[in-house]
Amino acid sequence: MLEDNLNETQSNDTNALIERRLEELAELNNRSINAFEYSYDVDSFSQEIKADFEKYDGKVVSVAGRIMAIRRMGKASFTHIQDDHGRIQAYIRKDDVGEDSYATFKLLDIGDIIGIRGYVFKTKTGETSVHADEVKLLSKSIRPIPIAKETTDEKGNKVIHDQFVDKELRYRQRYVDLIVNPKVKEVFIKRSKIISSMRKFLDDSGYLEVETPVLQSLYGGAAARPFITHHNALDMKLYMRIADELYLKRLIVGGFNGVYEISKDFRNEGIDRTHNPEFTMMELYVSYKDYNWMMEYVEKMVQYICKDVFSTTEFEIEGNKVNFDGKWNRVSMVDELNKILGYDILKTTKDDLAKSAKQHHVELKGGESKGKIIDELFEVTIQHKLVQPTFVVDYPVELSPLAKKHREKDGLVERFEAFVVGRELCNAFSELNDPIDQKQRFVDQSKMREEGDDEAHQIDDDYVRALEYGMPPTAGLGVGIDRLVMLLTNQSSIRDVILFPHMRPND
RNA sequence: GCACCCUUAGCUCAGUUGGCAGAGCAAAUGACUCUUAAUCAUUAGGUCGCCGGUUCGAACCCGGCAGGGUGCACCA
């Protein structure tokens with residue numbers, strides 16, 4: 001038994017395995033061994049040593065990492081340690097490291113972090129290894145990790161036994177997930193590279209990365225319910241932003257040629273496979289451009305990221321072969337729907353649309369605008385069929401209070417969304433820069449709000465004032481980063497591309 | 001918000017008709033100086049998610065709650 005005060009200093013879900021390791025820790029202390037060292041001079045990494053054995057053969061290296069396997073054979077032992085990019089085996093002989101050091105090694109466990117110095121060699125079975133002359137404990141692990149073991153079958157495929165798969169534990173304790181499931185780590189490395197690559201593409205275009213307020217007294221730029229918080233000193237309600245849009249366009253008014261922001265937005269909605277309450281969005285605004293230009297820009301940007309990060313534009317996504325290369329399909333939302341429904345949706349009545357909605361099993365509550373019904377019909381009839389990257393262009397004005405009226409088609413705005421395997425990749429439009437029209441749209445939205453639509457846009461008078469000073473013609477774009485990463489890494493849940501997805505508190 | 005499913009040892013999972021709580025890995029002790037899911041022997045390890053009910057008896061049947069998953073709804 002250990003003293004009570006020792007137990008109180010750790011998390012309270014202790015067990016016999018942890019108590020056993022605390023006893024080992026006490027024994028290490030008795031031997032004046034620091035179980036939590038200050039630093040270690042690492043000069044080599046597992047992956048490089050294994051990839052370039054000829055260069056390292058016989059050379060003395062210092063490596064460090066977490067013990068993932070130990071095979072003891074009396075006076076000699078093998079261990080695998082895992083560093084940032086892989087694992088390497090070490091061979092530890094009592095005769096080489098000395099009696100005391102070998103006795104200390106016997107007190108170590110899977111999960112402990114150690115440093116090893118020794119020369120690189122290949123075992124008689126051909127595995128690149130480090131023949132240790134020094135083993136140093138760097139950090140003791142007192143909580144056992146859920147260790148999996150690997151074998152290789154006749155075909156050379158890796159088979160993982162007893163893998164740590166409990167999704168709840170994996171998300172709540174992502175640090176453990178990352179230790180024992182290397183493929184998880186790969187996804188998050190890809191995520192980071194996708195964002196860097198996007199940033200590089202935007203920077204190389206000459207656009208300026210900026211930061212705008214997360215805490216806002218008026219929220220806008222999207223249709224969503226916000227998180228509400230409170231500022232104590234000012235004693236006022238503040239909202240967490242649901243979009244960056246209105247502030248970024250104020251900067252276009254201010255004279256920047258192009259601005260973008262990659263940041264978290266917050267929406268107070270349900271949580272599911274494609275929604276996390278905080279998520280990452282990239283928004284870009286470029287002056288003197290319209291949505292036609294932006295379509296080409298999106299194509300180029302996505303193709304650049306694909307080639308930069310994955311060295312290909314061809315992807316396997318949910319069993320579909322998808323190619324991002326070349327010019328993407330462009331379809332008109334209205335034309336496609338007219339073909340399917342057999343009449344002109346812009347000239348027809350709301351009642352006819354409601355009938356069509358019923359035929360296509362779209363549930364309406366009543367009170368939806370004409371544009372909303374059109375959008376619902378689009379989702380069930382067309383969206384899910386869009387496998388290859390496709391721009392859907394020209395949306396009903398009711399759905400897009402910040403987009404500019406179509407230059408030719410009445411009742412529509414110049415807006416597009418890109419879809420891949422039925423999923424939205426981005427949303428963009430020619431930005432509305434007529435302050436009088438914008439004011440009217442806000443007023444219309446506020447009527448919808450009064451009629452019970454709590455996601456309708458708030459009136460932002462300061463934004464209208466900014467437009468009154470004059471905003472150049474501008475193209476705007478929003479890309480949901482989490483969903484882009486889901487697509488490119490073929491993950492079906494947003495939780496698998498967010499390191500710490502939101503979970504209900506458990507303990 | 002609704003429906004269905006899951007919750008058993010640190011991890012992965014069995015658990016028959018309601019009748020003593022099981023295995024593999026991990027752990028401990030011993031043997032073993034080229035092993036690799038090391039091997040061999042021995043040992044220990046449980047609030048069967050929580051609360052209640054039915055029953056002589058509940059991991060198992062019933063009800064409620066919690067957490068999680070999937071689908072639907074919501075999400076321009």
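The shown structure was predicted, so the numbers you read here are calculated from the model rather than taken from an experiment. A, B, ... follow the sequence lines: proteins, then strands. Residue 1 opens every chain.
Closest to the Arg71(A) side chain, of the nucleotides A38(B), C34(B), G67(B), is A38(B). Nearest nucleotide to the side chain of Lys372(A), out of G10(B), A76(B), G68(B): A76(B). The Arg225(A) side chain lies nearest to C74(B) when the options are G68(B), C11(B), C74(B). Listed nucleotides G69(B), C32(B), C11(B) differ in distance to Lys167(A); the shortest reach to its side chain belongs to G69(B). The side chain of Met73(A) sits closest to C32(B) out of C32(B), G68(B), C13(B). Comparing U70(B), U12(B), A73(B) by their nearest atom to the side chain of Arg273(A) picks out U70(B).
Classification of the Tyr395(A)-Phe378(A) ring pair by plane angle, with boundaries at 30° and 60°, yields perpendicular. Taking the six-membered ring where the residue is Trp, His131(A) and Tyr91(A) present perpendicular rings, their angle passing 60° and hence far from 30°.
Contacts of Lys94(A) with the nucleic acid, taken as non-hydrogen atoms under 4.0 Å apart, are absent. Residue-level contact check: Val165(A) touches the backbone only, with heavy atoms under 4.0 Å from sugar-phosphate atoms and none from bases. Counting any heavy atom pair closer than 4.0 Å across all strands shown, Phe164(A) reaches sugar-phosphate atoms only and no base atom. Within 4.0 Å of Arg415(A), counting heavy atoms only, lies at least one base atom of the nucleic acid.
The interatomic distance linking Ile18(A) (CD1) with A9(B) (C1') rounds to 13 Å, in whole Å.
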Quiz prompt | Nucleic acid footprint by protein, nucleotides 22-27 of chain B - heavy-atom cut-off 4.0 Å, B for base, S for sugar-phosphate alone | solution = --BSSS

N/O to N/O distances under 3.5 Å, protein versus nucleotides 43-45 of chain B:
none

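A cation-pi arrangement is absent between Arg483(A) and Phe279(A), since the terminal nitrogen or guanidinium carbon is not both under 6.0 Å from the aromatic centre and inside a 45° cone about the axis. Relative to the six-membered ring of Phe53(A), Lys122(A) meets both conditions, a distance below 6.0 Å and an angle of at most 45° to the axis.
Helical stems in RNA chain B, defined as runs of 3 or more consecutive Watson-Crick or G-U wobble pairs with both donor-acceptor distances under 3.5 Å, are listed by first residue as B:1-7 with B:66-72, B:10-13 with B:22-25, B:27-31 with B:39-43, B:49-53 with B:61-65.
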